[in-house]
Student: 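Sending over a structure as structure tokens; questions will come in a sec.
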Amino acid sequence: MKSNFNEFQLNPITYLLFVALICFTPSTTYSSTFQQSLEKNKFQYVEFKGEVVDDRNGDPIISAHLTVNGSNISTITNNEGEFSLKIPADLMSSQVTISFLGYKSKTVPLSSFSKEYTRITLEESVEVLSEVSIFKATDAKKLIRAMLEKRGDNYFDNPTLMTAFYREIIKKGRRNASLSEAVVKIYKQPNSSAKKDDVAIYKARKSTDYDRLDTLAIKLRGGPFNTLYVDLMKYTEFVFDASNLEEFKFSFDQPTKMGKRYVYIVDFEEINKSLPWYYGKLFIDTETNTLLKASYKLNVDDKDTASQMFVKRKPSRATVYPVDVNYEINYIESDGKWYYGYGNALLEFVVNWDSKLFNSRYTLNSEMVVTNWEDYTNKESRKDMNYIRPSVVMVDDISGFADANFWGNDNIIEPEKSIQNAIEKIQRQLNRE
């Protein structure tokens with residue numbers, strides 16, 4: 001139970017997302033020299049671009065997964081349903097499976113992809129699931145307990161080296177103020193291990209418009225760790241585990257399907273609302289009790305307490321508090337085991353200045369998708385990698401924006417239009433220098 005505020009504020013899933021507003025000075029928290037060529041991949045690749053949409057109305061499907069069958073390569077669609085998928089030349093005869101919760105999965109050969117742009121449609125699952133006999137669980141809390149008990153069996157049980165793409169965006173109102181992107185290496189430990197995950201920067205770039213931030217440097221502590229720590233099956237201590245389930249209320253929502261899988265949907269919320277409290281939805285496989293996806297929020301109606309949780313330092317003339325805190329986690333299946341596939345943390349907060357009539361509203365959005373992985377059993381993490389700490393604050397390094405082929409053969413989340421416009425603006429500025 002969250003018995004006092006001091007205990008609660010040290011919860012890493014919130015503590016690592018704090019926002020520090022300070023008068024800007026050049027940061028020395030993180031080295032601006034990134035290791036961009038640790039492992040030069042010499043094979044050729046082909047890049048495919050396109051979109052995934054609803055076959056009935058053409059609406060974009062956000063966060064749909066595309067997985068190259070017979071490999072560990074995958075990516076995800078952006079907020080406009082668009083994707084970019086880079087395939088090694090020796091895998092051009094492969095097939096790609098596209099999946100999203102509530103839709104029928106589709107497998108298509110790469111040979112059917114257009115070199116210019118491919119439009120993929122998914123069909124909604126319309127089965128009346130409430131009448132399917134496979135839904136046998138009647139006690140939501142018991143189901144959650146079974147889910148936690150099997151978190152060591154249902155997910156990768158060996159150390160895994162993952163390649164992932166990370167993007168962090170700060171907006172003032174609707175306008176981009178800061179953009180950070182990186183390819184990272186994650187040394188992911190199994191759920192059964194007490195060891196924490198390690199993260200190393202492979203290549204990265206960042207640009208911040210400090211004038212747009214009202215001469216304030218908004219620093220998001222944690223970087224890639226922000227999205228890594230939303231992994232409820234690895235970091236059970238951050239929200240709930242088997243020891244504190246009595247502090248939550250669980251109830252069933254209407255079930256759904258994920259491809260051919262039947263899925264329970266369980267709503268949860270903390271009972272004690274004297275402090276900021278968690279609530280959200282869990283999507284659980286009916287056969288194995290595996291958590292496939294979760295979306296959850298932290299209620300921050302208590303502005304004073306929430307401000308103490310997220311704001312480390314601020315100017316004395318400013319009042320700063322979060323107004324919306326959201327998390328999302330998706331898992332991907334491989335040979336009957338599941339692994340961390342995508343994490344997202346979204347924070348919106350308000351800054352009130354004593355001398356200003358109107359407040360400023362900022363949005364901080366960080367997301368990370370695993371694009372490749374390999375089993376790392378009996379191997380040690382590389383000593384020459386550029387490891388980062390959870391307390392890292394990535395500093396500006398805009399040189400990567402000048403290189404149109406900066407990402408090489410690494411898969412990324414396709415930038416949506418507003419992000420692409422921001423990148424093009426940065427490139428124009430660099431060309432003028």
Student: I want to check something: taking the side chain as every heavy atom from C-beta on, are Leu143 and Phe250 in contact at a cut-off of under 4.5 Å?
Tutor: no

Student: Fit a plane to each ring of Phe248 and Phe240, take the angle between them on a 0 to 90° scale, and name the class: parallel (under 30°), tilted (30 to 60°) or perpendicular (over 60°).
Tutor: perpendicular

Student: Is Lys86 reaching over with its side chain to a backbone N or O of Glu47, donor-acceptor style, under 3.5 angstrom?
Tutor: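 A pair under 3.5 Å: no.
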
Student: What are the two closest heavy atoms between Pro60 and Val53, and how far apart are they?
Tutor: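 For Pro60 versus Val53, the nearest heavy atoms are CA-CG1, 4.1 Å.
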
Student: Parallel, tilted or perpendicular: which fits the ring planes of Tyr235 and Phe238, with parallel below 30° and perpendicular above 60°?
Tutor: parallel

Student: Is a donor on one side and an acceptor on the other found under 3.5 Å between the side chain of Asn244 and the backbone of Glu247?
Tutor: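 It does not hold such a pair.
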
Student: Backbone N or O of Ile186 within a donor-acceptor pair of the Asp197 side chain at under 3.5 Å?
Tutor: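 No: the side chain of Asp197 does not pair with the backbone of Ile186.
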
Student: Does a donor on one side chain and an acceptor on the other come within less than 3.5 Å for Asn69 and Ser94?
Tutor: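 No - no donor-acceptor pair under 3.5 Å links their side chains.
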
Student: Give a yes or no on whether the backbone of Phe401 and the side-chain of Gln427 come within a donor-acceptor separation of less than 3.5 Å.
Tutor: yes

Student: What's the spacing between Tyr340 OH and Asn330 CG if we round to 0.5 Å?
Tutor: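 Taking OH in Tyr340 and CG in Asn330, the distance rounds to 9.5 Å.
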
Student: Going through the distances and angles, do Lys293 and Glu328 end up as a side-chain contact (heavy atoms from CB on, under 4.5 Å)?
Tutor: CA-CA 8 Å; Lys293 174 181 178 178; Glu328 180 180 343; 3.8 Å; yes

Student: Under 4.0 Å between a side-chain nitrogen and a carboxylate oxygen: does that hold for Asp403 and Arg205?
Tutor: no

Student: With heavy-atom distances below 4.5 Å as the criterion, would you say the side chains of Leu179 and Ile419 are in contact?
Tutor: yes

Student: Do Lys141 and Glu246 have side chains that approach each other closer than 4.5 Å (heavy atoms only, starting at C-beta)?
Tutor: yes

Student: Check for a donor-acceptor pair, side chain of Ser74 on one end and backbone N or O of Val370 on the other, with a separation under 3.5 Å.
Tutor: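 Flag set: sc Ser74 to bb Val370 pair under 3.5 Å.
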
Student: Of all heavy-atom pairs between Tyr166 and Ser366, which one has the smallest distance, and what is that distance?
Tutor: OH-CB, 3.4 Å

Student: Looking at Glu82 and Lys49, is there a salt bridge between them, counting it only when a charged N and a carboxylate O are closer than 4.0 Å?
Tutor: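 Looking at Lys49 and Glu82, the cut-off is not met.
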
Student: Assess the residue pair Leu347 and Asn226 against the criterion (side-chain contact (heavy atoms from CB on, under 4.5 Å)); give the C-alpha distance rounded to whole Å, side-chain angles, the decisive distance to 0.1 Å, and a yes or no.
Tutor: CA-CA 11 Å; Leu347 169 66; Asn226 293 330; over 6 Å; no

Student: Charged N to carboxylate O under 4.0 angstrom, Lys196 versus Glu237?
Tutor: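 A salt bridge links Lys196 with Glu237.
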
Student: Evaluate side-chain contact (heavy atoms from CB on, under 4.5 Å) for Leu66 paired with Phe48, printing each intermediate quantity in order.
Tutor: CA-CA 12 Å; Leu66 294 89; Phe48 296 96; over 6 Å; no

Student: Should the pair His65 and Tyr342 be assigned to parallel (<30°), tilted (30 to 60°) or perpendicular (>60°) ring geometry?
Tutor: perpendicular

Student: Side chains of Ser105 and Ser99 only: does a donor on one sit below 3.5 Å from an acceptor on the other?
Tutor: no

Student: Write down the atom of Val300, the atom of Pro322, and the distance for their closest heavy-atom approach.
Tutor: CG2-O, 3.6 Å

Student: Report the relative orientation of the aromatic rings in Tyr327 and Tyr278; use parallel for angles under 30°, tilted for 30 to 60°, perpendicular for over 60°.
Tutor: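 Because their plane-to-plane angle lies in the 30° to 60° range, the rings of Tyr327 and Tyr278 count as tilted.
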
Student: Could you check whether the rings of Tyr296 and Phe268 sit parallel, tilted or perpendicular, using 30° and 60° as the cut-offs?
Tutor: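 The rings of Tyr296 and Phe268 sit tilted, inter-plane angle from 30° to 60°.
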
Student: Compare every heavy atom of Ile271 with every heavy atom of Lys249, then report the nearest pair and how far apart it is.
Tutor: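 Minimum heavy-atom contact is N-CG1, 4.0 Å.
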
Student: Under a 3.5 Å cutoff, is there a donor and acceptor pairing between the side chains of Thr75 and Thr371?
Tutor: no

Student: So Val350 and Lys303, do their side chains get closer than 4.5 Å, heavy atoms only?
Tutor: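 No, every pair of side-chain atoms sits at 4.5 Å or beyond.
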
Student: Working to the nearest 0.5 angstrom, can you tell me the gap between Asp335 CG and Phe156 CZ?
Tutor: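 CZ of Phe156 is found 8.0 Å from CG of Asp335.
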
Student: Between Asn72 and Trp373, is there a donor-acceptor pair closer than 3.5 Å when you use the side chain of the first and the backbone of the second?
Tutor: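 Yes, Asn72 side chain to Trp373 backbone: donor-acceptor pair under 3.5 Å.
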
Student: How close do Lys234 and Ser193 get, counting heavy atoms only, and between which atoms?
Tutor: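 What the structure gives for the nearest pair is NZ-O, 2.8 Å.
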
Student: Is Asn154 reaching over with its side chain to a backbone N or O of Thr288, donor-acceptor style, under 3.5 angstrom?
Tutor: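 Yes, because the side chain of Asn154 sits within donor-acceptor range (under 3.5 Å) of the backbone of Thr288.
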
Student: Should Lys273 and Asp302 count as an ion pair when the cut-off is N to O under 4.0 Å?
Tutor: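 The answer is no: the pair does not qualify as a salt bridge.
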
Student: Using the ring-ring contact (aromatic ring centres under 6.0 Å, His included) rule, take Tyr155 and Tyr331 through it: C-alpha gap first, then chi angles, then the decisive distance, then the call.
Tutor: CA-CA 9 Å; Tyr155 301 85; Tyr331 299 93; 5.2 Å; yes

Student: Judged by atom type as modelled, is there a donor-acceptor pair below 3.5 Å linking the side chain of Lys206 to the main-chain atoms of Ile398?
Tutor: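 Checked: no pair found.
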
Student: Looking only at the side chains, is there a donor atom on one of Thr97 and Lys106 sitting less than 3.5 Å from an acceptor on the other?
Tutor: no

Student: Are Asp267 and Tyr279 close enough that a side-chain donor and a side-chain acceptor fall under 3.5 Å?
Tutor: no

Student: If you define the side chain from C-beta out and look only at heavy atoms, does anything of Tyr45 sit under 4.5 Å from Asn411?
Tutor: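 Counting from C-beta outward, Tyr45 and Asn411 never come under 4.5 Å.
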
Student: Strictly distance-based, threshold 3.5 Å: is any side-chain N or O of Thr77 a donor or acceptor partner for the main-chain N or O of Ala64?
Tutor: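 It does hold such a pair.
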
Student: What are the two closest heavy atoms between Thr227 and Ala345, and how far apart are they?
Tutor: CG2-N, 4.2 Å

Student: Can you tell me how far apart CG (Leu292) and CD1 (Ile265) are? Round to the nearest 0.5 Å.
Tutor: 10.5 Å

Student: Just checking Asn378: does its CG atom have more than 12 heavy atoms from other residues, nucleotides or ligands closer to it than 6.0 angstrom?
Tutor: no

Student: If I take atom CG from residue Asp397 and atom NZ from residue Lys203, how far apart are they, to the nearest 0.5 angstrom?
Tutor: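 These two atoms lie 13.0 Å from each other.
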
Student: Is any side-chain heavy atom of Ile423 less than 4.5 Å from a side-chain heavy atom of Glu181?
Tutor: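 They are in contact (side-chain heavy atoms under 4.5 Å apart), so the answer is yes.
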
Student: Report the distance from atom CE of Met147 to atom CD1 of Ile284, rounding to the nearest 0.5 Å.
Tutor: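 It comes to 5.0 Å.
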
Student: Do Arg261 and Glu287 sit within salt-bridge range, that is, some charged N less than 4.0 Å from a carboxylate O?
Tutor: no

Student: With rounding to the nearest 0.5 Å, note down the distance linking CZ in Phe165 to CD1 in Ile412.
Tutor: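 One finds 5.0 Å between CZ of Phe165 and CD1 of Ile412.
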
Student: Passes side-chain contact (heavy atoms from CB on, under 4.5 Å), Glu270 versus Leu275? Steps please.
Tutor: CA-CA 10 Å; Glu270 284 191 84; Leu275 293 172; over 6 Å; no

Student: Main chain of Thr377, side chain of Asn158: is a donor-acceptor contact present, judged purely on distance under 3.5 Å?
Tutor: no

Student: Tell me, do Gln429 and Lys425 make a side-chain contact under 4.5 Å, heavy atoms counted?
Tutor: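 Yes, at least one pair of side-chain atoms sits under 4.5 Å.
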
Student: Determine whether Thr305 and Pro276 make a side-chain contact, defined as any pair of heavy atoms from C-beta on separated by less than 4.5 Å.
Tutor: yes

